[in-house]
4 protein chains.
Amino acid sequence: MSGTRRTRGRPRDPEADEAIMKAALELFVERGLEGASIEQIAKRAGVAKVTVYRRWSSKEDLLTQAIEHARALVPEDDLWAEARPDAGRLLDSWVHTLGDARFRAVLAQLIGSSVTQPALLATYREQFIEPRRRLILAALKRARDGDDGDDDLNTVIDMVVGAAMYRMLIGPDDPEAGRDYLTGLLRQAERLLGPP
Amino acid sequence: MSGTRRTRGRPRDPEADEAIMKAALELFVERGLEGASIEQIAKRAGVAKVTVYRRWSSKEDLLTQAIEHARALVPEDDLWAEARPDAGRLLDSWVHTLGDARFRAVLAQLIGSSVTQPALLATYREQFIEPRRRLILAALKRARDGDDGDDDLNTVIDMVVGAAMYRMLIGPDDPEAGRDYLTGLLRQAERLLGPP
Amino acid sequence: MSGTRRTRGRPRDPEADEAIMKAALELFVERGLEGASIEQIAKRAGVAKVTVYRRWSSKEDLLTQAIEHARALVPEDDLWAEARPDAGRLLDSWVHTLGDARFRAVLAQLIGSSVTQPALLATYREQFIEPRRRLILAALKRARDGDDGDDDLNTVIDMVVGAAMYRMLIGPDDPEAGRDYLTGLLRQAERLLGPP
Amino acid sequence: MSGTRRTRGRPRDPEADEAIMKAALELFVERGLEGASIEQIAKRAGVAKVTVYRRWSSKEDLLTQAIEHARALVPEDDLWAEARPDAGRLLDSWVHTLGDARFRAVLAQLIGSSVTQPALLATYREQFIEPRRRLILAALKRARDGDDGDDDLNTVIDMVVGAAMYRMLIGPDDPEAGRDYLTGLLRQAERLLGPP
DNA sequence: GAATAAGCGAGACGGTACGTCCCGTCTTAGC
DNA sequence: GCTAAGACGGGACGTACCGTCTCGCTTATTC
């Protein structure tokens with residue numbers, strides 16, 4: 001009755017997919033693109049190497065899918081999915097994310113690997129970053145009645161997000177990049193968004 | 001006065017140092033931290049592996065020093081070393097740097113490798129980035145007579161530099177991050193630096 | 001009856017064994033014990049180094065087995081395996097062997113390496129030399145009805161074989177050690193085996 | 001006044017020659033041609049590597065000369081230099097030499113190295129072996145009044161010397177190759193030298 | 001119920017890099 | 001000009017992983 005015909009032979013173990021993607025993401029975060037070898041991924045997932053290769057043609061494919069898969073598991077995403085989310089809670093969420101070492105590790109690894117493998121970072125940007133930017137842009141346009149061009153608003157977003165990421169990725173390791181710093185950024189942004 | 005006694009035996013070949021650091025930096029840019037193996041560095045430099053190991057105890061030491069060394073070779077640095085450099089030329093220099101794929105590759109790799117090896121990025125920050133920031137900060141303070149706190153000025157610098165780097169490292173690959181984009185950033189910065 | 005369970009995983013490639021032992025023997029003959037490095041053996045056999053190390057724990061083990069293996073491939077051995085081989089054909093075989101540069105090289109290398117590594121020569125002696133000596137001894141005893149002690153017969157064999165090898169290994173390089181020389185040796189041996 | 005003009009600069013240390021040749025010979029005996037590296041020879045002689053290379057152009061040159069040099073130091077040689085040495089004492093000498101592990105090691109290494117480097121063994125043969133053979137041949141001819149050809153006598157010498165060396169170099173390691181064995185060989189030789 | 005087919009763990013395969021050691025050559029300072 | 005010291009390019013060492021491959025076994029579908 002169901003549309004999808006079952007294939008012949010032994011079916012794939014669905015738990016393996018889960019375990020492999022989990023292990024892949026963990027290793028990528030911990031040791032980067034090179035450190036996340038199929039060998040290690042298979043070992044950590046408790047799976048034979050062929051089992052990985054049968055499902056994904058390359059490490060990059062696997063990681064891309066693992067990133068997409070992981071996104072669906074993050075409950076916080078729901079907040080960003082709301083049409084008009086609460087600004088305070090978004091700030092909290094943003095502070096929380098930026099302070100998370102795991103997040104920093106993922107993003108740093110993605111940027112590093114983008115030199116030889118741009119697809120991963122592109123996936124991440126489209127999956128995580130762009131939706132959030134679009135949400136913020138829409139909120140700003142609502143607040144401003146659209147009297148500024150998108151370009152200017154986008155530049156302001158770039159400045160806020162860019163400063164935060166710059167601080168997190170490159171800036172000195174002082175733990176200053178917390179709520180106070182973000183609040184300062186937003187205060188400056190308000191001036192840019194106010195009347196000239 | 002000198003007092004430093006020359007050591008016995010054949011002195012180390014200074015050309016080898018040069019060749020090794022050059023090869024190391026090239027490979028790091030091309031293939032990242034893992035791809036820059038001592039084996040390949042030595043081969044490209046036309047040097048025996050021991051010759052590398054004699055001078056540097058680890059790949060990270062080598063790369064750190066290679067980055068420091070490379071900085072001294074960049075003539076453009078002179079511009080930034082001037083007490084009161086010309087703003088237009090600085091902007092040109094900045095545009096040129098941000099548009100350079102090599103620069104992007106180095107910085108991206110450094111950020112990626114900072115997860116497991118923070119020293120490299122720290123060296124780069126202290127050698128390249130901080131001096132430029134200090135110069136800009138001083139210029140801004142001169143212009144503003146110091147009526148703003150350092151924190152605010154630093155935040156503005158973060159926003160400009162951060163936005164530029166964000167665009168270069170993460171942002172969509174459109175080649176928009178050129179002179180026009182930077183000019184837009186600076187225009188916004190002027191507003192932040194003007195009277196509230 | 002067999003009981004030997006096949007082990008799991010991919011079985012070892014029997015052609016690799018063959019190629020490795022062949023390459024090892026060739027290199028040993030050409031360049032001696034030291035020249036026959038695992039690195040070169042693997043390269044010549046078209047095989048990865050691990051593949052060698054998986055099978056043999058040391059170079060000496062490998063060469064010992066290679067010598068044993070090579071013996072089984074020499075068809076001439078069949079002649080010596082016959083119960084009552086034809087004396088003329090044995091002489092031909094002996095002349096042929098002594099004139100073979102390869103044979104001289106193997107034996108010379110084995111003797112040289114026996115100083116630091118006696119096992120190789122011992123294997124060779126037991127595999128090649130002793131069987132032939134036993135065969136000759138048996139033939140002599142048949143001919144003489146056993147009225148001499150083994151010691152005397154063995155001494156005569158020593159004298160014939162020893163003279164031939166001495167000529168081949170140490171003696172001046174004149175190509176005299178051919179059929180005439182061996183025939184002369186055997187004529188002298190007949191006198192020793194005849195009535196006193 | 002004297003004919004030989006002293007050259008300029010510091011004269012070579014004559015003790016160095018001695019020490020180097022001694023060390024070279026020792027290492028050759030202990031570890032063979034490959035093991036007797038200039039590095040090790042210099043270290044054991046307590047001398048810099050250049051000091052060795054300045055005097056000899058190659059390892060083989062050095063060893064050849066070391067062998068020649070060593071011969072002059074062996075007092076036993078005087079016995080063989082006598083016109084009509086005492087047969088009993090010669091036998092003693094022979095037994096002593098064949099039983100000496102050092103002698104075996106030298107000869108075995110020389111034979112092994114002759115595959116790639118025949119000069120060493122040739123020197124040894126001409127310096128040590130041939131003179132002794134000539135002496136024995138002369139003695140036999142004196143005793144026999146020359147009624148046999150040289151060839152036959154040489155063959156008998158080959159058989160005795162060959163058997164002894166075969167036993168020492170290849171034969172089973174039983175310590176049988178002592179005085180009794182040699183005496184047996186000589187007894188057999190007497191039969192060959194007697195009337196047909 | 002037997003045949004077929006695909007998934008699975010295990011492990012061998014060729015290849016590359018590791019960091020160390022030693023080789024013979026070279027290039028310096030010091031006597 | 002000799003000496004000791006030590007750097008040089010080259011190459012082998014034995015180990016560890018890499019991604020690919022090839023086994024025997026297991027599990028499911030199909031005939």
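Given the structure is predicted, the values throughout are model-derived calculations rather than measurements. Here is how names work: the chains are called A, B, and so on, in the same order as the sequence lines, proteins then strands, and each is numbered from 1.
- Look at CZ on C:R44: it is 16 Å from C1' on F:dA12, rounded to the nearest Å.
- Within the nucleic acid shown, A:G35 has no heavy atom closer than 4.0 Å to any nucleic acid atom.
- Between B:E39 atom CD and E:dG15 atom P there is a gap of 15 Å when expressed in whole angstrom units.
- Here the side chain of B:A48 is nearest to one of E:dC18, F:dG10, F:dC18, namely F:dG10.
- Looking at C:K43 and C:E39, no side-chain N of the basic residue comes within less than 4.0 Å of a carboxylate O on the acidic one, giving no salt bridge.
- Atom CG in D:L27 sits about 10 Å away from atom P in E:dC23, given to the nearest Å.
- Distance from the side chain of A:R54 is smallest for E:dC8 among the nucleotides E:dC8, F:dG9, E:dG14.
- Between the CG atom of D:L33 and the P atom of E:dC22 there is a distance of 19 Å, rounded to whole Å.
- For the residue pair C:A23 and C:I41, the shortest heavy atom distance occurs at CB-O, 3.7 Å.
- Residues B:L63 and B:L33 are in side-chain contact: their nearest non-hydrogen atoms beyond the backbone lie under 4.5 Å apart.
- Between C:F28 and C:Q109, the closest heavy-atom pair is O-NE2, 3.3 Å.
- Side-chain atoms of A:R104 come within 3.5 Å of backbone N or O of A:L169 as a donor-acceptor pair.
- Phosphate contact (OP1/OP2 of F:dT3, side-chain N/O of D:R55, threshold under 4.0 Å): present.
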What are the atom names and distances for every N/O pair under 3.5 Å that joins the protein to nucleotides 1-5 of chain E?
unit_1, atom_1, unit_2, atom_2, d
E:dT4, O3', A:R8, NH2, 3.3

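- Residue D:Y53 places at least one side-chain N or O under 4.0 Å from the OP1 or OP2 atom of E:dT25.
- A salt bridge between D:D17 and D:R55 is present, with a side-chain N of the basic residue lying under 4.0 Å from a carboxylate O of the acidic one.
- Put simply, A:T51 has no side-chain N or O that comes within less than 4.0 Å of OP1 or OP2 on E:dG7.
- Among the nucleotides E:dC18, F:dG9, E:dC26, the one closest to the side chain of D:V50 is E:dC26.
- Taking only distance into account, the side chain of C:K49 never meets the base of E:dG14 through a donor-acceptor pair shorter than 3.5 Å.
- For the pair C:W56 CH2 and E:dA12 P, the interatomic distance rounds to 14 Å; values are reported in whole Å.
- Under the side-chain hydrogen bond (donor to acceptor under 3.5 Å, both in side chains) rule, A:E26 has a single partner from A:R44, A:R102, A:Q40, which is A:R44.
- In this model, the phosphate group of F:dG11 is not approached by any side-chain N or O of C:Q40 to a distance below 4.0 Å at OP1 or OP2.
- The CD1 atom of B:I41 sits 13 Å away from the C1' atom of E:dC18 (whole-angstrom rounding).
- Taking a 4.0 Å limit (strictly below) on heavy-atom distances, residues 12-23 of chain A does not reach DNA chain F anywhere.
- The distance between atom CD1 of A:I38 and atom C1' of F:dC21, rounded to the nearest whole Å, is 15 Å.
- Listed nucleotides: F:dC17, F:dG10, E:dG19. Nearest to the side chain of A:S37: F:dC17.
- One can place CG of B:L62 at 11 Å from P of E:dC18, the figure rounded to the nearest angstrom.
- With rounding to the nearest 0.5 angstrom, the CG atom of A:L120 is 5.5 Å from the CD1 atom of A:I67.
- Separating the CD atom in D:Q117 from the OG atom in D:S58 is a distance of 7.0 Å, to the nearest 0.5 Å.
- Rounding to the nearest 0.5 angstrom, the gap separating the CZ atom in B:R31 from the OG atom in B:S37 is 7.5 Å.
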